[in-house]
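Letters A, B, ... mirror the listed sequences (proteins, then strands); counts begin at 1.
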There are 4 protein chains.
Amino acid sequence: MGSTPHTRRSDTRERIQRTALDLFVARGYEKTSLREIAEQLGVTKAALYYHFKTKEDILRAISDQVGGPVDELIDWGEAQPPTPETKRELLCRYSEKLRGAVPVFRILQENQASLRALDIGGRLRERVTRLSRLMRAGDEGLDAQVRFSSALFTVHFGALALDDVMGDPEEKRLATLAVALEVLGTAAAGR
Amino acid sequence: MGSTPHTRRSDTRERIQRTALDLFVARGYEKTSLREIAEQLGVTKAALYYHFKTKEDILRAISDQVGGPVDELIDWGEAQPPTPETKRELLCRYSEKLRGAVPVFRILQENQASLRALDIGGRLRERVTRLSRLMRAGDEGLDAQVRFSSALFTVHFGALALDDVMGDPEEKRLATLAVALEVLGTAAAGR
Amino acid sequence: MGSTPHTRRSDTRERIQRTALDLFVARGYEKTSLREIAEQLGVTKAALYYHFKTKEDILRAISDQVGGPVDELIDWGEAQPPTPETKRELLCRYSEKLRGAVPVFRILQENQASLRALDIGGRLRERVTRLSRLMRAGDEGLDAQVRFSSALFTVHFGALALDDVMGDPEEKRLATLAVALEVLGTAAAGR
Amino acid sequence: MGSTPHTRRSDTRERIQRTALDLFVARGYEKTSLREIAEQLGVTKAALYYHFKTKEDILRAISDQVGGPVDELIDWGEAQPPTPETKRELLCRYSEKLRGAVPVFRILQENQASLRALDIGGRLRERVTRLSRLMRAGDEGLDAQVRFSSALFTVHFGALALDDVMGDPEEKRLATLAVALEVLGTAAAGR
DNA sequence: CATGAATGAGAGTTCATTCAT
DNA sequence: CATGAATGAACTCTCATTCAT
């Protein structure tokens with residue numbers, strides 16, 4: 001009845017991305033070979049190379065799914081005054097970015113060592129640096145710095161750790177965020 | 001003339017371990033080849049095989065440097081009553097184990113994806129599970145669980161993140177621990 | 001409006017040939033991929049296949065730019081009496097064929113090993129054989145044979161070697177030819 | 001009887017070199033795959049990599065068989081006064097270097113295009129440049145330059161071309177050299 | 001005329017591992 | 001204790017080529 005008549009145009013690129021994501025999550029970036037990706041997809045290795053220039057390029061495409069949004073968030077943050085309120089807002093928004101992209105964050109997290117040699121690793125590190133600077137702005141004390149890190153760890157790793165635990169995802173996210181804000185709050189309000 | 005008569009026993013084994021640790025930290029477990037380790041050490045690959053059965057075995061030896069102590073900690077915890085005090089004590093002791101073994105923890109952390117296929121990964125996961133159970137004992141609420149995770153993240157990742165930041169290590173450790181205890185405290189005391 | 005009405009016939013075919021020639025000279029036949037040719041031309045690889053059946057076919061088209069003329073020269077030579085004058089004339093005419101087609105000769109020269117497997121290589125070898133026979137006709141002595149070879153080397157490689165040296169091309173060509181004729185002359189006259 | 005008791009020590013490196021030489025001559029450098037070399041030798045590809053770092057490295061080892069001697073020759077030449085006699089001597093000695101190493105020179109000659117990208121190509125070009133400078137020293141006229149080139153072509157390509165022609169090799173070499181000296185002689189004596 | 005998508009074959013290279021000495 | 005030599009399996013990547021549209 002006209003449903004997807006011949007949408008074949010080229011969803012292949014996206015299918016590669018999806019399959020690669022699954023395998024990278026399950027077996028790690030290094031341990032996943034292009035042969036595996038191709039086989040699981042029912043195409044040849046060469047087909048992957050038609051759509052992506054290198055293996056790293058596939059990872060990059062996946063990584064960019066979250067890289068872009070997070071960069072926007074940081075840009076926004078750098079345009080705001082460095083008030084406690086801004087910092088709280090940053091945490092909230094970061095938590096939202098995490099939602100729905102957990103597998104991507106997990107790959108970046110668990111393959112950190114492999115990323116180091118790749119330029120993706122550099123970009124990732126840059127983001128962390130900029131985020132750190134943002135949060136520390138205006139208060140360089142050790143206690144404040146620890147609180148910031150702790151709050152960010154809570155949001156970031158909380159999302160990853162609680163992902164495969166039963167319960168309503170949104171409820172878990174809000175609980176996590178609440179604790180993070182509490183940790184941060186003391187420092188930010190403490191001024 | 002009496003000091004360390006023949007204590008050489010197996011100098012090489014330890015030198016391999018140290019070199020491997022350095023390289024695993026710098027380039028990652030997968031990306032570090034036995035050739036590199038051997039070259040940096042000035043021996044042949046075959047020599048490594050005299051001291052270790054496989055590459056994984058080298059990693060295992062490194063991992064065991066922290067595995068043992070942490071297992072002891074967990075054993076101790078499971079023998080205690082599940083009071084808030086016990087939980088605080090666990091955090092303190094875990095923080096102490098971290099001190100001085102940061103590179104090893106870093107390897108385990110950053111090569112997680114690679115470890116998954118190895119049995120080291122299994123043991124690691126088991127430790128996390130047991131630790132979780134310990135902390136949650138007596139209070140299964142979502143808020144408490146989040147607080148526990150958050151406190152542990154703070155101690156664990158705080159140690160890794162603050163390692164390459166200037167400042168007195170012990171001071172940083174105590175500040176981190178203080179925040180972690182604060183996060184935990186509310187939940188533990190909330191009973 | 002009347003000039004070159006539809007003379008476009010096959011502009012692309014020639015552009016492919018020219019681009020391929022440039023790349024074959026610069027990077028060698030084997031090392032030049034169809035992708036490179038296509039990219040430099042702003043078309044797709046598949047487009048090349050519309051105009052040429054295979055990669056070898058492109059090379060053949062280029063090679064034929066000189067193959068035809070040289071074959072004519074040989075045909076002419078075989079129809080002449082084997083006098084010294086004929087041999088001198090052959091050298092002169094070969095020198096003229098070289099002029100303006102240096103890049104093509106250079107490709108054939110520098111990619112000899114690659115050509116061996118191709119049928120172009122066979123044809124090339126055949127030409128050399130026929131030319132040799134022509135020059136040796138009537139005098140099979142070792143000295144004469146060496147002189148012939150030497151004269152031909154002088155004309156052939158002289159054109160290639162002096163190409164990227166400053167100076168008036170025609171002047172260089174004539175100087176080269178003079179030496180070649182001198183070398184040949186003794187033998188031819190020696191009869 | 002004591003013949004070659006267990007000379008196994010390691011002639012493999014040399015056997016690889018010999019086999020590679022044969023195949024490079026027969027099929028060209030690019031068209032010869034490491035698989036072929038290994039198969040013909042009855043070892044694995046990996047064994048080749050135990051003895052040589054790259055494919056290029058095998059070629060380099062082969063090329064160095066003539067590279068060293070020729071470099072010595074050039075060094076010698078540069079230490080002499082630029083007299084006609086020196087130039088004649090250079091030709092004679094070059095001719096002697098060629099004798100017995102024809103296959104190596106042939107590889108370098110016929111795979112020129114492939115060598116260009118390799119650093120072997122650079123070294124080769126450098127040798128040619130230095131040799132050219134040597135011969136031209138003291139006389140920069142076009143005629144002299146052409147004569148020098150012609151003489152060198154005669155010796156160099158003569159050796160390659162006459163190799164697979166019947167007749168006593170040494171006799172052929174001397175005949176070739178005689179012609180080369182004659183060509184050169186006029187220029188050198190002409191002063 | 002030309003493209004987008006894909007393929008099969010094979011390349012060079014690296015790795016962890018083994019074993020006789 | 002340690003080495004030199006070798007292997008088998010796998011890897012990422014490139015190439016010339018095809019074909020439906």
Side-chain angles (χ1 to χ4, degrees), chain A residues 6 8-13 16 30-38 41-58, chain B residues 8-13 16 29-38 41-58, chain C residues 8-13 16 29-38 41-58, chain D residues 6 8-13 16 30-38 41-58:
Chain A
H6 46 148
R8 184 61 25 79
R9 235 195 24 200
S10 186
D11 59 334
T12 305
R13 196 185 148 94
I16 293 173
E30 306 260 22
K31 283 282 205 182
T32 303
S33 75
L34 295 181
R35 179 176 55 71
E36 280 173 304
I37 300 178
L41 217 70
V43 296
T44 29
K45 275 183 291 170
L48 304 186
Y49 278 92
Y50 178 77
H51 293 282
F52 295 91
K53 240 173 45 181
T54 63
K55 186 187 180 186
E56 184 181 348
D57 229 52
I58 301 182
Chain B
R8 182 70 21 89
R9 242 195 19 192
S10 193
D11 182 21
T12 306
R13 198 185 147 93
I16 293 174
Y29 173 70
E30 305 261 20
K31 283 281 204 183
T32 302
S33 72
L34 294 185
R35 178 175 55 70
E36 279 173 302
I37 299 177
L41 218 69
V43 298
T44 13
K45 269 185 293 173
L48 304 184
Y49 278 90
Y50 179 83
H51 295 280
F52 295 92
K53 235 176 46 188
T54 63
K55 184 187 181 187
E56 184 181 348
D57 232 50
I58 303 181
Chain C
R8 183 69 20 88
R9 242 196 19 193
S10 192
D11 182 22
T12 306
R13 198 184 147 93
I16 292 174
Y29 174 70
E30 305 262 20
K31 282 282 203 182
T32 302
S33 73
L34 294 184
R35 179 174 55 71
E36 280 174 302
I37 299 178
L41 218 70
V43 298
T44 13
K45 267 184 294 173
L48 304 184
Y49 277 90
Y50 180 83
H51 294 281
F52 294 93
K53 236 175 47 186
T54 65
K55 185 188 180 187
E56 185 181 347
D57 233 52
I58 302 182
Chain D
H6 45 148
R8 185 59 26 78
R9 234 194 26 199
S10 187
D11 59 334
T12 306
R13 196 185 148 96
I16 292 173
E30 307 261 19
K31 282 283 204 183
T32 303
S33 76
L34 295 182
R35 180 176 54 72
E36 281 173 303
I37 299 178
L41 217 69
V43 297
T44 29
K45 271 186 292 171
L48 305 185
Y49 277 91
Y50 178 77
H51 293 281
F52 295 92
K53 241 174 47 183
T54 62
K55 185 187 181 188
E56 184 181 348
D57 230 51
I58 302 181

Review point. How would nucleotides 14-21 of chain E be written as a contact map, 5' to 3', with B for base contact, S for sugar-phosphate-only contact and - for no contact, using protein heavy atoms under 4.0 Å?
Key: BBBBBB--

Point to revise | Among dA6(E), dT7(F), dT7(E), the one nearest Ala47(D) by side-chain distance | key: dT7(F)

Exercise for review: Nearest whole angstrom, please: distance from the C1' of dA5(F) to the CZ of Phe52(D).
Suggested key: 14 Å

Review point. So which one's nearest nucleotide on DNA chain F is more toward 5', Thr44(D) or Thr44(B)?
Key: Thr44(B)

**Study point:** Partner set under salt bridge (charged side-chain N to carboxylate O under 4.0 Å, His left out) for Arg13(B), not counting sequence neighbours
**Key:** none

Review point. Does some side-chain heavy atom of Val43(C) sit less than 4.5 Å from a side-chain heavy atom of Ile16(C)?
Key: no

Check your understanding: Quick one: Asp57(D) CG to dT13(E) C1', roughly how many Å, whole number?
Key -> 13 Å

**Study point:** 5'-most by nearest nucleotide on DNA chain E - Gly42(A) or His51(C)
**Key:** His51(C)

Point to revise | Check: Glu30(B) main-chain N/O paired with Lys31(A) side-chain donor or acceptor under 3.5 Å | key: no

Practice item. Can you tell me which stems DNA chain F forms, taking runs of 3 or more consecutive Watson-Crick or G-U pairs with both distances under 3.5 Å? Key: E:2-21 with F:2-21

Review point. What pair of heavy atoms forms the shortest contact from Lys55(A) to Thr32(A), and how long is it?
Key: NZ-O, 2.9 Å

Under 3.5 Å, side-chain donor or acceptor atoms of residues 44-54 of chain D against the rest of the protein: list the pairs with distances, not counting sequence neighbours.
{"unit_1": "Thr54(D)", "atom_1": "OG1", "unit_2": "Glu56(D)", "atom_2": "N", "d": "3.4"}
{"unit_1": "Thr54(D)", "atom_1": "OG1", "unit_2": "Asp57(D)", "atom_2": "N", "d": "3.0"}

Check your understanding: For dA6(E), does either OP1 or OP2 sit under 4.0 Å from a side-chain N or O belonging to Thr12(A)?
Key -> yes

Review point. Think Tyr50(A) has a side-chain N or O under 4.0 angstrom from the OP1 or OP2 of dA5(E)?
Key: yes

